[in-house]
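Right, one structure below, let's go through it.
As the structure lists them, so they are numbered: ligands from 1, and atoms in each ligand from 1. Owing to the predicted nature of the structure, the values given are computational and were not obtained by experimental measurement. Atom set for the values below is all heavy atoms of this structure, side chains included, hydrogens, waters and symmetry mates excluded.
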Amino acid sequence: MLTECDVGIVGGGVAGCGTAIALRNRRPLSIALIHKAEARLFPVGETLQPQARELAEKLGILEELRCTPHLPSNGVCSAWGDSTLAYNDYLFKASGKGWLLDRAAFDLSLLDKARRGGVHIVESSYSRLDSGADGRWLLSTRNGAVIRCRFVVDATGRRSAVADGLGVPRIRFDELHAVYALWEGRPEVFPHHTLVESVESGWCYAAALPAERFVTAYFTDKAQIKANRLTQPDRLLPLLSRAPHIGRLLSASSKLVGTRVVVADSSMLDFAGSEKGWLAVGDAASAYDPLSSLGIAKALGGSLAAAGAIDSWLGGESGEIDAYCRNIESGFDQYLAQRHHYYGLESRWKKDPFWKQRQDWIGIHPDWVLQRSGLRKKIPNRIVSSEVLEQILAAFGDEARRAHEAVRLVRGALQRRFSDYRLIQAMRYLVESGHLAVQASDGGVFGL
Ligand SMILES: Cc1cc2nc3c(=O)[nH]c(=O)nc-3n(C[C@H](O)[C@H](O)[C@H](O)COP(=O)(O)OP(=O)(O)OC[C@H]3O[C@@H](n4cnc5c(N)ncnc54)[C@H](O)[C@@H]3O)c2cc1C
């Protein structure tokens, strides 16, 4: 079955539907959207901040927020840095209250809005992308459907399945994962606030949901979840109960419905699109730590930006996709600075690897003397792509170099510009992976 259209979108989440809706709002383009109905117990992410109202209005989806069974959100209360609760109430914000979403209903309402707006929904899983001889893309699905289109959008979330097929590296900055738990019962405390609490080796949050349910999420690094077998309720529950505030929510009457482990890393595509006629949007382009509570709003804002860039590209203008990619990258650099700031506010567990990794801004001491170790092991994409990590090593040659000189040298050697933060963290990563050896100026080896 072949569908001909202007734009093919893969992924029917907020970003995929948002981009389809925003494109149709601009002009009557033909759009096909591949949507895979997931057999999951529950989707994750429910707190929508009031600032999203303006984006929802621009997209024309305020009605979807009004009509579905969401709860109002009064704000966030957090115990971060010490165990005292601090309230960030939306009451005092011009945009009013936020939402505690029924996420499955919200995502479905956007899909329905796109369908009603004329978007052709293909119910299946995306399987591959090929470029046809006529310069068009061919998107294939697992049930044998083929979409021939001029422009392709990757909206598959952190999987970035389309970009992956095109060979674009996904750059990870950490290994954050969450053990998400769905509960039946109504939390007597904090019924309309999202509760955030830092704990040793991670942090957790809880939020009420419509229909007398609530969620808890425990965030830590992937290795910790595995080592402590946190997927097992008898290992997870004592840990949540020990958190001073979240523990209070888990009364005897709360019934655990189920748990899920989800990836929650900070990650981005090496480049989020190309003038050849594709781009990534939402989490597929760049994914933020859920501590930011920004993912859904970012997906809505990204949809508007993506639609503008695609519209220009289809109209024959060049440069808009490149500009879109640069905005994703600079937005991510700003986000990294904020992430560092928030994690830095917690000083109780400075030596804990989870906190230390997120709090170290200057990853290498300017006086360290660095030299290639000769290790040949392949380097995975981290902070920058493995190709750039190889280029950094090549820039060192066989010389031992002081760290502050090395940063200057590497910056000059690379064809692409990166923020100093990313360059320094990339060199730190090469030290940790054993590809760069560190010596003190007196010839001794620094303990890391
Ligand atoms: C634990 C956790 C808690 C969070 N809490 C919040 C929160 O409270 N507030 C907030 O704003 N954000 C939160 N987020 C982030 C937020 O959920 C995401 O940023 C948001 O869902 C991104 O939307 P998206 O459409 O880009 O991606 P997704 O929501 O991941 O949607 C991607 C879609 O692509 C589909 N897909 C993937 N592969 C294929 C394929 N091969 N074929 C067809 N379809 C495919 C998927 O089925 C899915 O429908 C949280 C994230 C996590 C991990």
Side-chain angles (χ1 to χ4, degrees), residues 8-20 32-40 42-52 55 70 73 76 98-101 103-104 106-108 110-111 114 121-129 139-143 145 147 153-165 176-182 194-196 202-209 215-220 259-267 269 272 280-303 306 328 335:
I9 299 178
V10 186
V14 178
C17 294
T19 305
L33 184 152
I34 302 176
H35 168 64
K36 173 176 70 166
E38 298 223 18
R40 291 184 306 209
F42 47 92
V44 299
E46 58 299 299
T47 307
L48 186 57
Q49 300 194 5
Q51 296 92 308
L55 296 167
H70 313 305
S73 165
V76 178
W99 296 264
L100 291 166
L101 299 173
R103 188 61 198 277
F106 180 60
D107 285 14
L108 271 181
L110 295 187
L111 190 70
I121 309 290
V122 180
E123 302 271 356
S124 185
S125 230
Y126 153 84
S127 64
R128 57 180 287 168
L129 178 68
L139 272 170
S140 308
T141 68
R142 289 211 193 285
N143 67 355
I147 296 164
V153 177
D154 184 346
T156 56
R158 279 182 168 88
R159 283 176 226 173
S160 44
V162 179
D164 186 50
L176 191 70
H177 278 52
V179 191
Y180 215 67
L182 178 67
T194 299
L195 171 62
V196 177
W203 61 277
C204 26
Y205 86 75
L209 296 178
V215 289
T216 56
Y218 177 79
F219 291 84
T220 190
T259 60
R260 243 187 99 186
V261 176
V262 284
V263 183
D265 61 14
S266 295
S267 58
L269 285 177
V281 64
D283 278 6
S286 67
Y288 294 2
D289 189 317
L291 182 61
S292 67
S293 259
L294 277 178
I296 304 169
K298 184 171 81 64
L300 296 175
S303 303
I328 300 274
Y335 150 74

Does any N or O of ligand 1 fall below 3.5 Å from an N or O anywhere on [X], backbone included?
X: H35; result: no
X: R103; result: yes
X: Y180; result: no

Does [X] come within less than 4.0 Å of ligand 1, judged by its heavy atoms?
X: Q49; value: no
X: T194; value: no
X: L48; value: no
X: Y205; value: yes
X: A217; value: no

Using heavy-atom distances, let me know which of [options] sits nearest [atom].
atom: atom 12 (N) of ligand 1; options: G16, A52, G295; value: G295
atom: atom 22 (C) of ligand 1; options: T19, I296, D283; value: D283
atom: atom 42 (N) of ligand 1; options: Y126, F219, Y288; value: Y126
atom: atom 33 (C) of ligand 1; options: A178, A155, A287; value: A155

Which ligand 1 atoms does [X] reach within 4.0 Å, using its non-hydrogen atoms?
X: E46; answer: 7 (C), 8 (O)
X: S125; answer: 42 (N)
X: V262; answer: 1 (C)
X: G282; answer: 26 (O)
X: G13; answer: 25 (O), 31 (O), 33 (C), 49 (O)
X: T47; answer: 7 (C), 8 (O), 9 (N), 10 (C), 11 (O)
X: V14; answer: 25 (O)

What's the separation between atom [atom1] in [X] and atom [atom2] in [Y], rounded to the nearest 0.5 Å?
X: L33; Y: I121; atom1: CG; atom2: CD1; result: 4.5 Å
X: D154; Y: I9; atom1: CG; atom2: CD1; result: 11.0 Å
X: Y335; Y: Y288; atom1: OH; atom2: OH; result: 8.0 Å
X: D289; Y: L291; atom1: CG; atom2: CG; result: 5.0 Å
X: Y205; Y: T194; atom1: OH; atom2: OG1; result: 7.5 Å
X: S160; Y: L269; atom1: OG; atom2: CG; result: 4.5 Å

(request) Would you mind telling me which of S286, S303, S292 makes a side-chain hydrogen bond (donor to acceptor under 3.5 Å, both in side chains) with K298? (result)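 For K298, the side-chain hydrogen bond (donor to acceptor under 3.5 Å, both in side chains) test succeeds with only one of S286, S303, S292, which is S286.
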